[in-house]
Amino acid sequence: MTVSVVLFTSDLRLHDHPPLHAALAAADEVVPLFVLDDAIEDAGFGAPNRRAFLADCLRDLDAGLRDRGGRLVIRSGDVAEEVCRIVSETGAGDVHVAAGVSGYAQRREERLREELGSQGCRLHVHDAVITAVAPGTVTPSGAGRDHFAVFTPYFRRWSDAPQRTPFDAPRTVRVPAGPRSAAPPARAGVAGVSAGLAQGGEAEGRRSFTAWRRHGLGQYEERHDDLAGDATSRLSPHLHFGTLSPTELVHRARTAAGPGAEAFVRQLCWREFHHQVLAARPSASRTDYRSQHDRWRTEQSAADDIAAWREGRTGYPLVDAAMRQLLHEGWMHNRGRLLASSFLVKTLYVDWRVGARHFLDLLVDGDIANNQLNWQWMAGTGTDSRPNRVLNPVLQARRYDPDGTYVRRWVPELAGVDGGAVHEPWKLGAEERARCDYPEPLVGLAEGLARFRDARGLD
DNA sequence: TATTCGTTCAT
DNA sequence: TGAACGAAT
């Protein structure tokens, strides 16, 4: 009787799962294992919204495995130690895991390789699980370059890269009776969760994608930047936890075809672009990818401004609406993310790491590669070739929330102001102004711009 | 084969 | 403005 272990990480699904597929093909029995890693808690990355979503995912994965005659084995502690323990309990000869890109994932892989090797157990690291195209498989043609720093050429090459046909979910999974499992964590047991947090799990992810593909994909190109329309796929948490397979999404979007599908695939590629940058430069999660020699304002020197930004009371309605959506849902519209991050780094001139940390504390899809590199993009220290652009929240509001619906949805103090006037409450008459309990702008846009341009040494 | 240069393009 | 590419050298 041969036994293999499948270590689930951010790939909490049964459909299109190469490690599971390989393990089932080669062994009589498989131990599907998930380890709640103490290291993640200690590092402060166990944000309540993601822990709650993760709880949904683990319950659903366990349910899916039980439907197929198996179960999920859940342990907590140190990942490498727990894997080794399962290996010695079951006599497994092989461990399968998806390749990851973060520093954490790379260290985990190294430790597994070392410790399993000394136990005489083989480690199989599978590419193209967390991304459709594995980082490093597509590189610029010039010598010595290990990753793309510009999106468009990457997109072209990524689009031409071969992709496997998605695997079906297995019909049956035989799990040895021995290994004990902790009960799957309950979402209800997590404190501090956003009231409007989405539900996790593969079944929910597949249901969402199917519905959105039918009703949202066709108009995605025209509508994805419309804040009030809320017409994005909202699949980011499922991609983060791997309850949906990027390979399958690309495959099914390409089958659907059309401009909406192309625009959607392009966005999926942005995620992979950031993954391949981080895989090549793991330090970009903490330090400037391309330094502009900033002397950022910090947690200490800009405490009041930062608090106002976090709580959604900067006095700029669209920024505040976006920040309150984040607090309430643990998720933010992508256009809001760009605007809110530009405001913090460019207008308030606060260190991008402060903003990135706040987003990671709340975002259910909070992902090191996407979050940190998008923040660096907006800070002008990332891969943007126009590092000094500043988004004007009023102009952005006119373009992406022309009639103010998004603002009124999230900023109840302004719910009584009609139309686009809601974006400039400082222009309201004294009487109407007095009726809404809404703050004055934290800083003038011209003043913020001057500070930024001065700090960057621009004329 | 390696370097340079013009062109394209950019969340 | 700078990255990427491909053509020219």
Side-chain angles (χ1 to χ4, degrees), chain A residues 133 135-161 220-227 229-236 239 259-278 280-281 284 288-294 318-319 322 332-347 352 355-356 359 363 365 367 369-393 395-401 406 452-453 456-459:
Chain A
V133 174
T137 50
V138 169
T139 52
S141 30
R145 304 227 51 127
D146 56 356
H147 70 289
F148 279 87
V150 175
F151 175 73
T152 302
Y154 176 72
F155 180 51
R156 265 196 285 273
R157 297 278 309 282
W158 178 91
S159 299
D160 293 339
Y220 180 72
E221 193 195 18
E222 309 89 81
R223 298 190 58 211
H224 74 277
D225 267 336
D226 171 12
L227 279 159
D230 198 15
T232 63
S233 73
R234 285 183 172 261
L235 296 177
S236 53
L239 282 161
E262 276 173 41
F264 178 59
V265 169
R266 192 181 169 85
Q267 293 303 314
L268 290 173
C269 184
W270 267 100
R271 175 177 173 274
E272 312 225 340
F273 173 69
H274 288 142
H275 276 73
Q276 59 95 43
V277 173
L278 189 67
R281 296 290 128 81
D288 292 345
Y289 179 78
R290 224 175 261 148
S291 173
Q292 306 289 344
H293 310 289
D294 288 290
L318 198 59
V319 174
M332 198 195 285
H333 192 289
N334 182 244
R335 182 49 55 183
R337 297 187 196 200
L338 296 177
L339 179 70
S341 57
S342 171
F343 188 82
L344 186 75
V345 296
K346 298 282 175 64
T347 304
W352 63 266
F359 272 31
L363 281 173
D365 58 35
D367 176 274
N370 289 304
N371 188 63
Q372 310 307 90
L373 292 173
N374 272 318
W375 270 95
Q376 292 227 42
W377 175 283
M378 238 20 275
T381 61
T383 54
D384 190 359
S385 53
R386 290 134 77 193
N388 298 320
R389 84 170 102 196
V390 179
L391 301 185
N392 178 320
L395 297 181
Q396 291 278 310
R398 284 193 201 130
R399 191 178 303 172
Y400 301 113
D401 186 33
Y406 180 74
F452 172 69
R453 295 188 68 83
R456 284 265 168 108
L458 306 166
D459 302 320

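Please read these numbers as outputs of a predicted model, since none were measured by experiment. Quick note: numbers below take in every heavy atom, side chains included, and nothing from hydrogens, waters or symmetry partners. Naming: A, B, ... by sequence-line order, numbering from 1 per chain.
- Contact between the side-chain N/O atoms of A:R266 and the OP1/OP2 oxygens of B:dT11 is found at a separation under 4.0 Å.
- Between the side chain of A:Q276 and the main chain of A:F148, a donor-acceptor pair closer than 3.5 Å is present.
- A:N374 and A:W270 share no side-chain donor-acceptor pair at under 3.5 Å.
- Going from atom CZ of A:R281 over to atom C1' of C:dA3 covers 14 Å, rounded to whole Å.
- Atom CZ of A:R156 and atom P of C:dA4 are 12 Å apart (whole Å).
- Residue contacts for A:R389: at a heavy-atom cut-off of 4.0 Å it reaches the sugar-phosphate backbone alone, with no base atom in range.
- At a threshold of 4.0 Å, the pair A:D384-A:R290 does not count as salt-bridged, since none of the basic side-chain nitrogens sits closer than that to a carboxylate oxygen.
- For A:W377, the listed nucleotide lying nearest its side chain is B:dT11; candidates were C:dA3, C:dC5, B:dT11.
- At least one side-chain nitrogen or oxygen of A:R290 sits closer than 4.0 Å to the OP1 or OP2 atom of C:dA3.
- Within 4.0 Å of A:N334, counting heavy atoms only, lies at least one base atom of the nucleic acid.
- In this structure, A:R386 atom CZ and B:dC9 atom P are separated by 14 Å, rounded to whole Å.
- Per the geometry, OH belonging to A:Y154 stands 14 Å off P belonging to B:dT11, to the nearest Å.
- At the heavy-atom level, A:F148 lies under 4.0 Å from the strands shown only through sugar-phosphate atoms.
- Closest contact between the side chain of A:F151 and the listed nucleotides B:dT11, C:dC5, C:dA4 involves B:dT11.
- Atom OH of A:Y220 and atom P of B:dT11 are 14 Å apart (whole Å).
- Within the structure, every side-chain polar atom (N or O) of A:T152 is placed at least 4.0 Å from both OP1 and OP2 of B:dC9.
- Judged by atom type and distance alone, A:S385 reaches the base of B:dA10 through a side-chain donor-acceptor pair under 3.5 Å.
- Taking atom OH on A:Y289 and atom P on C:dA3, their separation rounds to 8 Å, with Å as the unit.
- Side-chain N/O atoms of A:R145 include one lying less than 4.0 angstrom from OP1 or OP2 on C:dA4.
- When all heavy atoms are compared, the tightest approach of A:R145 to A:P140 is CB-CG, 3.9 Å.
- Look at CG on A:N388: it is 10 Å from C1' on C:dT1, rounded to the nearest Å.
- When atom types are taken as modelled, the side chain of A:E272 and the backbone of A:V133 share a donor-acceptor pair closer than 3.5 angstrom.
- As a whole-Å value, the separation of A:L458 CG from C:dT1 P is 11 Å.
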